[in-house]
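These notes concern the structure reproduced below.
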Amino acid sequence: MPNGKPQLCARVDDDERLRIEAAQLDRGRFAELYEEYFARVYAFIVRRVRDRDDAQDLTSEVFHHALRNLSRFEWRGVPFSAWLYKIAANAIADHMRKATRETPAPDLDPPGAGALDEVESRARLFRLVDQLPADQRRVIILRFAEQISIADVARQLGKSEGAIKQLQFRGLKNLRIRMASINA
């Protein structure tokens, strides 16, 4: 690619991988990862739970879980944030399940049941995203989980905007097919 963009992307990936490996060897280095990803993870959670206190608690749980399990993290070329979003989606699903169990239901359709279904559906979607080919998975995560524009994703990955749109289209198509087969 012109302008050395693939090399830039590779350097960004290598830098992230090296920071993760450093944190795996020295837990004190996890603070760097926390600082880098806190705002994105918090925004991801608060948009879904809509309660500031719950979002703060869940974000804290996500980073405690990530720190506790950092030694299990394996670099596979997928952004570290994808792993954090997966932990966050599971924490949100657990939170919603717990909230619906603790709230007595006056009738057969308890309040929040739709929200729980939505969270479980999102968690299922995250698992399906993990199964996409690496290039499609990366674009889907950057575009929708991290909410990065097509132009910025293209710059970050060293590809044309058209290529990013095509990867996004294929990734979404694959996800629709996989979701349909689960719901069938």
In one Ile/Leu/Val/Met/Phe/Trp/Tyr side-chain cluster, 4.5 Å: L33, L18: no
Is the cationic atom of R48 (NZ for Lys, CZ for Arg) positioned less than 6.0 Å from the six-membered ring centroid of F44 and within 45 degrees of its normal? yes
Note, K165 side chain near I150 side chain (heavy atom, < 4.5 Å): yes
Spacing of L172 atom CG and I177 atom CD1 [to the nearest 0.5 Å]: 11.0 Å
Checking the side chain of Q168 only, and the main-chain atoms of V139 only, is there a donor and an acceptor separated by less than 3.5 Å? no
Under the criterion side-chain contact (heavy atoms from CB on, under 4.5 Å), I'd like the reasoning laid out for I164 against L142: C-alpha separation, chi angles, the key distance, then a yes or no. CA-CA 11 Å; I164 297 303; L142 291 172; over 6 Å; no
May I ask you to decide if the ring planes of Y42 and F38 are parallel, tilted or perpendicular, using 30° and 60° as cut-offs? parallel
Minimum heavy-atom separation for R178 to L132, with atom names? NH1-N, 4.0 Å
Heavy-atom closest pair (L84 atom, A66 atom, distance to 0.1 Å) is CD2-CB, 3.6 Å
Inter-residue atom distance Q166.CD - Q136.CD, 0.5 Å rounding: 9.5 Å
Between R138 (side chain) and G77 (backbone), is there a donor-acceptor pair under 3.5 Å? yes
When rounded to the nearest 0.5 angstrom, what is the spacing between NE2 in H65 and CH2 in W83? 6.0 Å
F73 and F80 aromatic centres sub-6.0 Å: yes
Locate the shortest heavy-atom distance separating A88 from V62; write the atom from each residue and the value. CA-CG2, 3.5 Å
Can you tell me how far the OG atom of S149 sits from the CD atom of E161, to the nearest 0.5 Å? 7.5 Å
Search all heavy atoms of I45 against all heavy atoms of A55 and return the closest pair with its distance. CG2-CA, 3.7 Å
Give a yes or no on this: more than 12 heavy atoms of other residues, nucleotides or ligands lie within 6.0 Å of atom CZ of R52. no
Inspect the contact between R97 and D94 and indicate whether a charged nitrogen and a carboxylate oxygen are less than 4.0 angstrom apart. yes
Could D15 and R19 be called an ion pair, given the rule that one side-chain N must be under 4.0 Å from one carboxylate O? yes
Just verifying a value: how many Å separate L128 CG and L175 CG, rounded to the nearest 0.5 Å? 6.5 Å
Measure the spacing between CG of L157 and CG of L167 and express it to the nearest 0.5 Å. 8.5 Å
Shortest non-hydrogen pair, V49 vs H95, comes out as CG1-CD2, 4.3 Å
Tell me if a side-chain donor or acceptor on S60 pairs with a main-chain N or O of Q56 at a distance below 3.5 Å. no
Would you say L67 and L25 are hydrophobically clustered, going by side-chain heavy atoms of ILVMFWY under 4.5 Å? no
Could you check whether any side-chain N or O of R137 sits under 3.5 Å from a backbone N or O of D130, counting only pairs where one atom can act as donor and the other as acceptor? yes
Looking only at heavy atoms, which two atoms of R50 and R47 are closest? And how far apart? CZ-O, 3.3 Å
